[in-house]
Participant: 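One structure follows; several queries about it will come next.
We count ligands from 1, going down the list as the structure has it; atoms in each ligand are counted the same way.
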Amino acid sequence: MAQTKVKRVALVGTGIMGAAIGGHILDAGYALVVHNRTKEKAQELISRGAAWADTPAEAATEADVVLTMVGYPADVEDVYLGSKGILAAARKGAYLIDLTTSSPQLARELHDAAEVMDLHAFDCPVTGGEEGARAGTLTLIAGADERYVKPVLPVLESFSSKIFYFGHAGAGQSAKLCNQVSLASCMVGWADALALARQSGIDEDLMLDMVSGGMGGSVALTRLAPRAAAGDFKPGFLVEHLRKDLGLALAEAEDLEVTLPGAETSFMLYDTLCQVGGSRMGTQALELLYEDEGTSSAAGLDWSALPSVADDGHHHHHHH
Ligand code: NAP
């Protein structure tokens with residue numbers, strides 16, 4: 001593999017992000033084999049020329065590069081270490097690159113397990129959202145140094161426009177969690193602002209336009225606040241995945257003995273949103289927590305699903 005060029009790429013996980021990434025890999029001319037838990041979500045890539053594999057192992061067998069873009073750390077463990085997993089099936093010298101936002105510790109374990117099998121595994125979570133994936137302009141956050149990544153750079157560049165090297169396994173995930181912590185507080189920031197604007201009776205869109213050009217703005221506000229204000233809660237980035245990321249960040253913070261009040265607050269809000277049925281909405285659905293029950297129910301939330309503490313007389317909905 002050292003002197004030969006990458007020809008065959010495997011992709012495990014063809015959800016919102018994976019499907020878009022796979023499209024760019026096909027466009028770049030690689031032979032692509034795909035696997036996803038639900039085959040239907042791979043159909044578009046298959047119709048564009050990708051081969052289907054029934055298991056992660058089968059996808060990995062012939063590949064020079066295996067990309068994984070699944071949901072949770074448990075899914076990552078499953079596709080790499082499970083009985084039909086990638087690690088046992090990949091051929092010597094192959095590169096195994098996990099694009100999932102997952103646990104730094106797990107990334108280190110996978111890297112170490114791969115090294116002893118003559119495989120190159122590194123974490124490479126991404127930012128840029130569904131838009132970035134569709135445009136092929138994601139930012140990649142590698143848990144490896146530049147030299148280690150170089151042989152597979154053309155594959156990675158087919159769906160990204162920037163790559164940061166954090167030097168060692170797990171460090172890409174640690175850096176990504178920093179991004180998620182910052183992002184989550186940006187989300188709470190604009191959702192607070194929108195609620196205040198609404199109550200003040202000022203023009204909400206004008207307020208967002210004004211804030212987005214200044215120090216109070218963020219890419220999160222620019223892209224997502226207008227969608228929330230317009231009542232569009234379709235996912236881009238799933239609520240349950242931001243909840244997962246904040247949980248991972250808080251676990252790491254606990255290990256490292258740092259306190260993250262912003263992440264604690266945003267975790268609590270996104271956790272509530274999951275409990276009332278918002279898991280599969282886009283992260284902009286945070287705005288619904290500030291709405292009255294009628295509005296949030298109409299958008300699909302169910303406050304009766306919240307574990308009740310009514311019996312002790314302290315029951316109250318956080319949004320009231
Ligand atoms: P998604 O739409 O849920 O995609 C995940 C895909 O992985 C699903 O199609 C799922 O299959 C598949 N999968 C999960 N476990 C599997 C397994 N054991 N075997 C085979 N396939 C499996 O989520 P996404 O938005 O693409 O996000 C993927 C990851 O990227 C997450 O970790 C997320 O946090 C991160 N991320 C997302 C964004 C974004 O804006 N969306 C941005 C940056 C990073 P099913 O079809 O059966 O569910």
Side-chain angles (χ1 to χ4, degrees), residues 10-24 33-46 50 52-60 66-87 89 97-104 106-107 123-141 159-160 162 164 172-173 175-184 186-187 219-220 223-224 227 233-249 270 274 279-285:
L11 171 66
V12 176
T14 57
I16 294 173
M17 298 295 280
I21 289 167
H24 292 294
V33 52
V34 294
H35 170 74
N36 191 63
R37 188 169 50 201
T38 310
K39 185 176 179 181
E40 193 199 313
K41 289 189 197 166
Q43 213 54 61
E44 199 178 317
L45 290 172
I46 294 168
W52 169 256
D54 281 325
T55 65
E58 191 188 314
V66 182
L67 301 172
T68 50
M69 187 45 129
V70 292
Y72 288 84
D75 301 325
V76 174
E77 274 194 75
D78 198 37
V79 302
Y80 280 94
L81 305 171
S83 59
K84 305 264 169 56
I86 293 161
L87 222 57
I97 308 171
D98 186 25
L99 307 171
T100 314
T101 303
S102 175
S103 137
L106 177 58
D123 45 311
C124 192
V126 313
T127 73
E130 187 186 14
E131 286 101 329
R134 297 229 160 268
T137 58
L138 290 170
T139 293
L140 307 187
I141 312 166
F159 58 89
S160 67
K162 194 159 194 177
F164 288 89
Q173 296 296 357
K176 170 69 181 180
L177 295 181
C178 295
N179 184 77
Q180 298 311 84
V181 159
S182 180
L183 162 65
C186 289
M187 298 294 289
V219 177
R223 282 202 204 161
L224 293 175
R227 278 194 220 168
F233 303 109
K234 283 193 297 294
F237 181 37
L238 295 165
V239 162
E240 63 174 309
H241 284 162
L242 186 51
R243 179 197 178 281
K244 165 205 55 158
D245 297 349
L246 292 166
L248 287 167
Y270 276 101
C274 285
S279 319
R280 304 291 293 175
M281 293 179 173
T283 50
Q284 71 275 21

Participant: Taking all non-hydrogen atoms of both residues into account, name the closest pair between His35 and Asp54 and its distance.
Facilitator: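 The pair with the smallest heavy-atom distance is CE1-O, 3.0 Å.
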
Participant: For Leu106, is there any backbone N or O sitting under 3.5 Å from a side-chain donor or acceptor partner on Ser103?
Facilitator: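 Flag set: sc Ser103 to bb Leu106 pair under 3.5 Å.
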
Participant: Tell me whether Asn36 contacts the main-chain N or O of Ala42 through its side chain, where contact means a donor paired with an acceptor under 3.5 Å.
Facilitator: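 Side chain of Asn36 to backbone of Ala42, a donor-acceptor pair under 3.5 Å: no, none is there.
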
Participant: Of the side chain and backbone of Lys176, name the one, both, or neither that has a heavy atom under 4.0 Å from an atom of ligand 1.
Facilitator: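 Only the side chain of Lys176 comes within reach of ligand 1.
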
Participant: I'd like to check which ligand 1 atoms, numbered from 1 as shown, lie under 4.0 Å from a non-hydrogen atom of Asp75.
Facilitator: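 Answer for ligand 1: 14 (C), 15 (N).
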
Participant: Which protein heavy atom lies closest to atom 7 (O) of ligand 1, and at what distance to 0.1 Å?
Facilitator: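 Answer for atom 7 (O) of ligand 1: Val70 CA, 3.4 Å.
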
Participant: So, does Lys176 use its side chain to make a donor-acceptor pair with the main chain of Asp245 at under 3.5 Å?
Facilitator: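 Answer holds: no.
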
Participant: For atom 4 (O) of ligand 1, what is the closest protein heavy atom, and at what distance to 0.1 Å?
Facilitator: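 Result for atom 4 (O) of ligand 1: Gly15 CA, 3.4 Å.
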
Participant: Nearest protein heavy atom to atom 25 (O) of ligand 1, by residue and atom, and its distance?
Facilitator: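 Looking only at protein heavy atoms, the one closest to atom 25 (O) of ligand 1 is Ile16 CB, 3.5 Å.
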
Participant: Should Gly236 be counted as touching ligand 1, given the test is an N or O pair under 3.5 Å?
Facilitator: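 For ligand 1, there is an N or O atom that lies under 3.5 Å from one belonging to Gly236.
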
Participant: For atom 20 (C) of ligand 1, which protein heavy atom lies nearest, and how many Å away is it?
Facilitator: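 Going atom by atom, the protein heavy atom closest to atom 20 (C) of ligand 1 ends up being Arg37 N, 3.2 Å.
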
Participant: Check step by step if salt bridge (Lys or Arg N to Asp or Glu O under 4.0 Å) holds for Glu130 and Arg227.
Facilitator: CA-CA 14 Å; Glu130 187 186 14; Arg227 278 194 220 168; 5.8 Å; no

Participant: N/O of Val79 under 3.5 Å from N/O of ligand 1, yes or no?
Facilitator: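 Not met; the criterion fails.
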
Participant: Please walk me through it: do Gln180 and Phe237 pass side-chain contact (heavy atoms from CB on, under 4.5 Å)?
Facilitator: CA-CA 12 Å; Gln180 298 311 84; Phe237 181 37; 3.5 Å; yes

Participant: I need the atoms of ligand 1 closer than 4.0 Å to a non-hydrogen atom of His35, numbered in the order shown.
Facilitator: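 Reading through ligand 1 atom by atom, the close ones are 20 (C).
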
Participant: Before signing off on this row, confirm whether Met17 and ligand 1 have an N or O atom pair separated by under 3.5 Å.
Facilitator: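 Yes: some nitrogen or oxygen of Met17 is under 3.5 Å from one in ligand 1.
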
Participant: So if I count the atoms of ligand 1 from 1 in the order they appear, which ones are less than 4.0 Å from some heavy atom of His241?
Facilitator: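 Within the 4.0 Å cut-off of His241, ligand 1 contributes 3 (O), 23 (O), 27 (O), 31 (C), 33 (C), 34 (O).
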
Participant: For Cys274 versus Ser279, what's the shortest heavy-atom pair and its separation?
Facilitator: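 In terms of heavy atoms, the two residues are closest at O-OG, 3.6 Å.
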
Participant: Give me the nearest non-hydrogen protein atom to atom 35 (C) of ligand 1 as residue plus atom name, then the distance to 0.1 Å.
Facilitator: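 For this ligand atom, the closest protein heavy atom is Thr101 OG1, 3.7 Å.
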
Participant: Considering heavy atoms of the protein only, find what lies nearest to atom 47 (O) of ligand 1 and give residue, atom and distance to 0.1 Å.
Facilitator: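 For this ligand atom, the closest protein heavy atom is Thr38 OG1, 2.4 Å.
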
Participant: Leu99 and Met17: side-chain contact (heavy atoms from CB on, under 4.5 Å), yes or no, with the steps?
Facilitator: CA-CA 10 Å; Leu99 307 171; Met17 298 295 280; over 6 Å; no

Participant: Enumerate the atoms of ligand 1 whose separation from the nearest heavy atom of Gly129 is less than 4.0 angstrom.
Facilitator: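 Listed by number with element, the hits are 40 (O).
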
Participant: Considering heavy atoms of the protein only, find what lies nearest to atom 12 (C) of ligand 1 and give residue, atom and distance to 0.1 Å.
Facilitator: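 Going atom by atom, the protein heavy atom closest to atom 12 (C) of ligand 1 ends up being Asn36 OD1, 3.2 Å.
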
Participant: Between Lys244, Met69, Glu130, flag the one that comes closest to atom 5 (C) of ligand 1 by a heavy atom.
Facilitator: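 It is Met69 that holds the nearest heavy atom.
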
Participant: Around Glu44, counting heavy atoms of other residues, nucleotides and ligands shown, do more than 12 lie under 6.0 Å from its CD?
Facilitator: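 No, the 6.0 Å shell around CD holds no more than 12 heavy atoms from other groups.
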
Participant: Could you tell me whether the side chain of Gln284 and the main chain of Lys234 form a donor-acceptor pair under 3.5 Å?
Facilitator: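 Here the side-chain-to-backbone pair exists.
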
Participant: Which atoms of ligand 1 are found less than 4.0 Å from any heavy atom of Lys41?
Facilitator: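 Numbered from 1, ligand 1 contributes 9 (O), 45 (P), 46 (O), 48 (O).
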
Participant: Is there a donor-acceptor contact under 3.5 Å from the side chain of Gln173 to the main chain of Thr100?
Facilitator: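 Here the side-chain-to-backbone pair exists.
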
Participant: Is it true that Glu40 lies under 4.0 Å from ligand 1, counting heavy atoms only?
Facilitator: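 Contact absent.
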
Participant: Only heavy atoms of Val126, strictly under 4.0 Å: list the atoms of ligand 1 that pass.
Facilitator: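 So the atoms of ligand 1 that pass are 43 (C), 44 (C).
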
Participant: Would you check whether Gly71 has a nitrogen or oxygen atom less than 3.5 angstrom from a nitrogen or oxygen atom of ligand 1?
Facilitator: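 Such a contact does occur with ligand 1.
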
Participant: Applying salt bridge (Lys or Arg N to Asp or Glu O under 4.0 Å), run through Glu240 and Lys244 and close with a yes or a no.
Facilitator: CA-CA 6 Å; Glu240 63 174 309; Lys244 165 205 55 158; over 6 Å; no

Participant: Where the closest heavy atom to atom 18 (N) of ligand 1 is concerned, which of Leu248, Thr100, Asp78 has it?
Facilitator: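 Looking at heavy atoms only, Asp78 sits closest to atom 18 (N) of ligand 1.
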
Participant: For the pair Tyr270 (side chain) and Thr283 (backbone), establish whether a donor and an acceptor sit closer than 3.5 Å, ignoring hydrogens and angles.
Facilitator: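 A pair under 3.5 Å: yes.
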
